Amino acid sequence: GINAEYMGHFLSVYFFSISSMSEASLSEFEDQCVHVFDHSTQTYDQQQRVLDGLLRVFENAKSALLQDQATVAGTLEQLLSAVSASQQESSQLFTTHTQELTRLGKGLDSTLRPMELYQAGWAPDPGVCHQIIQDHFYRMGAFEAAQLLQAEAGVATPSPAYMYKEMHAIIDSLTAKQLQPALDWCTQYSAQEMSNAQRSRLADLTFALHKLQIISMLEKGEREPVVQYLRAHMSTQHYTHAHSREIHRLMGGVLWTGRLAESPYKDLLSPQLWVDVACVFTSVACAALGLPKDSHLAVTVCAGYLALPTLTMYTALRTRLKGLQCDLQMPDFGGELQFHSTFSCPVVQQASTPTNPPMLLPCQHVLSQAAVHSLVKGSRLKCPYCPSEFTPAQCLQLHL
């Protein structure tokens, strides 16, 4: 089962402390984990050997009694001695293994140092954390783990499992190289109302599925069915315009039916194509369900991994400066983790924040609030990009 309290504690300690580890300490801790894993494997093998030896003793004793080659009293004494020796050896193995685990736990506590990265008096809501973890389990298809977490943690508003089951059933079929369930889903979903961007994304997914279907037929040597399939499914205007090169390559592959691995088109047999289409399907299916592409936990961990070095430095500076103002400049998370518009001030070279928002000047140039204040001389300021002059009150705050 899943111990929800342990999971929450582990996640909070791990993800908020991993940045404080040096490369050497991280490597040392990794070596300890490998050592404990190897020792666990050896302990299991040794325990199995002890049990197998004890079982052979009982079988030999039974055979000797049936053949009248030993007395009952002597056999029982022999069995008692064998059980006692096996118990002692098994107990010693268990004790050694427990000591290894305890040593690993102490190493974890000494290596991962907790950091106070949030304000005093505030802490993450355990209920929200448990729900986010449960939602991540559902997104990964770990339905049993999600249900165990719900039962042990008492999640108040559990995520609906039915939203994910059909999606993961189709992903499993794609893993098994069965395309029809995904094609049927695309046909059903295409009848719903959606934006032009979603419809274009669905069309690209459908094309990728048809492409894999044709490649599978080429592998089997089905030339005439491939030609008919191309005419039936690849003649739409969207496909011929957006995927003309890929269609031409598929038509060229028809000449190598049954011999695709020996052809100039052997890259069509790459297993990565199946992985890519599963990722695209997941993205389209999540959009159809009104869900983000990635789970909240995955986004949080990824952003936390990028931000923790900066937060660690900020925490150290805040302690050292003892209450003095210290601006926090977060790193660039990249497009994948950017969910709203951002503005970087060309004067102070910093991204805008709630306490330092972008300001629209009367001349239509945009600077940060901090830059506007730094440019004020007397009661007026001059735009650094044009000759315009105005008062700070004439600047308007922009809301991103």
Side-chain angles (χ1 to χ4, degrees), residues 11-12 15-20 114-133 135-136 290-386 388-400:
L11 286 173
S12 63
F15 293 123
F16 285 102
S17 307
I18 189 71
S19 65
S20 62
M115 298 167 51
E116 295 294 336
L117 297 180
Y118 43 79
Q119 296 177 356
W122 182 90
D125 185 347
V128 174
C129 292
H130 292 150
Q131 187 173 355
I132 289 175
I133 295 172
D135 179 73
H136 180 74
L291 300 170
K293 182 183 66 172
D294 300 309
S295 73
H296 299 299
L297 181 61
V299 173
T300 301
V301 171
C302 185
Y305 174 78
L306 296 174
L308 274 174
T310 302
L311 292 174
T312 304
M313 181 179 63
Y314 175 75
T315 303
L317 287 175
R318 187 177 60 180
T319 304
R320 194 174 305 167
L321 294 176
K322 296 181 179 179
L324 296 179
Q325 184 65 29
C326 179
D327 292 333
L328 176 62
Q329 178 66 28
M330 297 302 293
D332 182 15
F333 291 139
E336 286 293 322
L337 295 176
Q338 183 174 332
F339 302 100
H340 57 81
S341 300
T342 59
F343 170 73
S344 181
C345 179
V347 175
V348 298
Q349 301 294 321
Q350 289 184 356
S352 61
T353 64
T355 58
N356 184 28
M359 305 293 291
L360 177 65
L361 310 185
C363 58
Q364 304 305 307
H365 290 114
V366 181
L367 303 177
S368 67
Q369 189 179 72
V372 170
H373 290 165
S374 67
L375 293 172
V376 174
K377 293 183 178 180
S379 60
R380 300 180 66 80
L381 71 146
K382 180 180 179 298
C383 177
Y385 295 101
C386 68
S388 303
E389 290 190 12
F390 34 81
T391 64
Q394 293 178 275
C395 302
L396 300 177
Q397 179 178 340
L398 298 178
H399 299 275
L400 299 180

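Everything numeric here is computed off the predicted structure, so don't read it as measured data.
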If you define the side chain from C-beta out and look only at heavy atoms, does anything of Leu360 sit under 4.5 Å from Gln364?
yes
Which residue pairs satisfy the side-chain hydrogen bond (donor to acceptor under 3.5 Å, both in side chains) criterion with at least one member in residues 390-400, sequence neighbours excluded?
Thr391-Gln394
Gap between atom CG of Asp135 and atom NE2 of His130 - 0.5 Å precision:
14.5 Å
Please give me the minimum heavy-atom distance between Cys395 and Pro362, naming the atom from each residue.
SG-CD, 4.5 Å
So which heavy atom on Pro392 is nearest to which on Leu381, and how close?
N-CD2, 3.7 Å
Ring pair (Phe, Tyr, Trp, His ring centres under 6.0 Å) partners for Tyr385, two or more places apart
His365
By side chain to side chain contact (heavy atoms under 4.5 Å, CB included), which residues pair with Ala303, not counting sequence neighbours?
Leu337
Run the salt bridge (charged side-chain N to carboxylate O under 4.0 Å, His left out) test against Lys382 and tell me which residues pass, sequence neighbours left out.
none
Those residues that, when tested against Val128, pass side chain to side chain contact (heavy atoms under 4.5 Å, CB included) (two or more places apart):
Asp125, Ile132
Distance-minimising heavy-atom pair for Leu398 and Pro357:
O-CB, 4.4 Å
Determine whether Leu361 and Val372 satisfy the following criterion, side-chain contact (heavy atoms from CB on, under 4.5 Å), listing intermediate values before the conclusion.
CA-CA 9 Å; Leu361 310 185; Val372 170; 4.0 Å; yes
Could you walk me through whether Cys363 and Cys386 pass the side-chain contact (heavy atoms from CB on, under 4.5 Å) check?
CA-CA 8 Å; Cys363 58; Cys386 68; 3.6 Å; yes
Return the minimal non-hydrogen interatomic distance between Cys383 and Phe390, and the atom names on each side.
CB-CZ, 4.1 Å
Pairwise distance CG(Leu367) to CZ(Phe343) - rounded to 0.5 angstrom:
6.0 Å
Rounded to the nearest 0.5 Å, how far does CD1 of Ile133 lie from OG of Ser295?
10.5 Å
Please round to the nearest 0.5 Å and tell me the distance separating atom CG of Leu375 and atom CD of Glu389.
11.5 Å
SG-CD distance between Cys345 and Gln369, expressed to the nearest 0.5 angstrom
11.0 Å
Which residues pass the side chain to side chain contact (heavy atoms under 4.5 Å, CB included) test with Asp294, not counting sequence neighbours?
Val299
Minimal heavy-atom distance between Ala371 and Val347, with the atoms involved, is CB-CB, 3.9 Å
